[in-house]
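Data block below; observations after.
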2 protein chains.
Amino acid sequence: MLYRKELPACPVETTLTLISDRWKVLILNHLMAGTKRFGELKKEIGKVTQKVLTANLRDMEASGLLTRKVYAEVPPRVEYTLTDLGRSLKPVLDAMAAWGKHYQAENAKLPSAETASADDSQKAC
Amino acid sequence: MLYRKELPACPVETTLTLISDRWKVLILNHLMAGTKRFGELKKEIGKVTQKVLTANLRDMEASGLLTRKVYAEVPPRVEYTLTDLGRSLKPVLDAMAAWGKHYQAENAKLPSAETASADDSQKAC
DNA sequence: CAGGATCCAAAATGATACTG
DNA sequence: CAGTATCATTTTGGATCCTG
């Protein structure tokens, strides 16, 4: 989808070029916990299709964010692991997680709805 | 594009729901510097079309990230200002900017290309 | 199990023209 | 100036079927 080099001058744009994709951020988020197999990722992320997940993983591999290891077994096994560069995005994800909680809390105040109990904002991913 | 309520349980996903859009992040980034007029934003961001910019601004207004103020003048003037909630995203943008610089630096090492001089990584947006 | 290959539907974006 | 409206196009995503 995108090719290396040709990075925008603005650092924020550079970051966006690599992870503006919704799925990529979620993939990063899940892989922060450690190496995962393709199937695990797919199940955890849920709504994504295999085609899209594969495409995103390939992009991220090309960007140097993660590595793909294929085991010569039957049935096949493929594991994805973040590189140091990928792990270095943790502060960004942490910031997003922190803000997300904040927003959920703010949002829970206003509505007259029965949105959820307060502790739901602590749900895992 | 998206409607309030119905937020994902995962905080990271919640954040993505609001700003996964490439343009939204850039808009936030520019508005962090202060109130701007529509035309200013458009010029600064550059590649975006007026239609897309308008749509994104409306979304963000609906999400409570910014306010839109119309002056009853001729020619018309419309200013966009971040709300407290919008400004609270600064840590996220800062984290992205920091990582972007890091990636630019990493990327500048490997290539055999004449990509740019080191100080270019400090360019403004 | 982990995809590659296809075909198709849906959504985002671009280009223009027009207006209060 | 800051949009809205419309049309054409590009991108993206979903659904399937197939295979090492």
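Chain identifiers are assigned alphabetically (A, B, ...) following the order of the sequence lines, protein sequences preceding nucleic acid strands; residue numbering begins at 1 within each chain.
- Counted within 6.0 Å of NZ on K90(A), heavy atoms from surrounding residues, nucleotides or ligands total 12 or fewer; the atom is thus considered open.
- Rounded to an integer number of Å, the gap from L53(B) CG to dC1(D) C1' is 13 Å.
- Placement of M32(B) and V92(A) within a single hydrophobic cluster is found when ILVMFWY residues are connected by side-chain heavy-atom separations under 4.5 Å, directly or transitively.
- One interatomic measurement links the two molecules: CD of E44(B) to C1' of dA2(D), which rounds to 16 Å at whole-angstrom precision.
- Between D94(A) and W99(A) the shortest side-chain heavy-atom distance does not fall below 4.5 Å.
- In this structure, K24(B) atom NZ and dT13(C) atom C1' are separated by 14 Å, rounded to whole Å.
- Taking atom CD of E73(B) as the reference point, atom P of dG3(D) lies 13 Å away to the nearest angstrom.
- Here the P atom of nucleotide dT4(D) and the NZ atom of K42(B) are 14 Å apart, to the nearest Å.
- Remark: W23(A) is not in phosphate contact with dT12(D), judged by side-chain N or O atoms under 4.0 Å from OP1 or OP2.
- The pair E106(A)-K101(A) fails the salt-bridge criterion, with no side-chain N (NZ, NE, NH1 or NH2) lying under 4.0 Å from an Asp/Glu carboxylate O.
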Could you write out each protein N or O paired with an N or O of nucleotides 1-6 of chain C at a distance under 3.5 Å?
residue : atom : partner : partner atom : Å
dC1(C)  : O3'  : R37(A)  : NH2          : 3.0
dA2(C)  : OP1  : R37(A)  : NE           : 3.0
dA2(C)  : OP1  : R37(A)  : NH2          : 3.2
dA2(C)  : OP2  : G39(A)  : N            : 2.9
dG3(C)  : OP1  : R58(A)  : NH2          : 2.8
dG3(C)  : OP1  : R68(A)  : NE           : 3.3
dG3(C)  : OP1  : R68(A)  : NH2          : 2.5
dG3(C)  : OP2  : Y80(A)  : OH           : 2.7
dG4(C)  : OP1  : R58(A)  : NH1          : 3.1
dG4(C)  : OP2  : R58(A)  : NH1          : 2.8
dG4(C)  : O6   : Q50(A)  : NE2          : 3.3

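- We find that CG of D21(A) is positioned 12 Å from C1' of dT11(D), with the value rounded to whole Å.
- Rounded to whole Å, the distance from CG on D59(B) to C1' on dA11(C) is 13 Å.
- Regarding N56(A), its CG atom lies at a distance of 17 Å from the P atom of dT11(D), rounded to whole Å.
- Residue C10(A) holds its SG atom at 9.0 Å from CE of M96(B), rounded to the nearest 0.5 Å.
- Residues meeting the side-chain contact (heavy atoms from CB on, under 4.5 Å) test with R37(A), sequence neighbours left out: E40(A), R77(A), E79(A).
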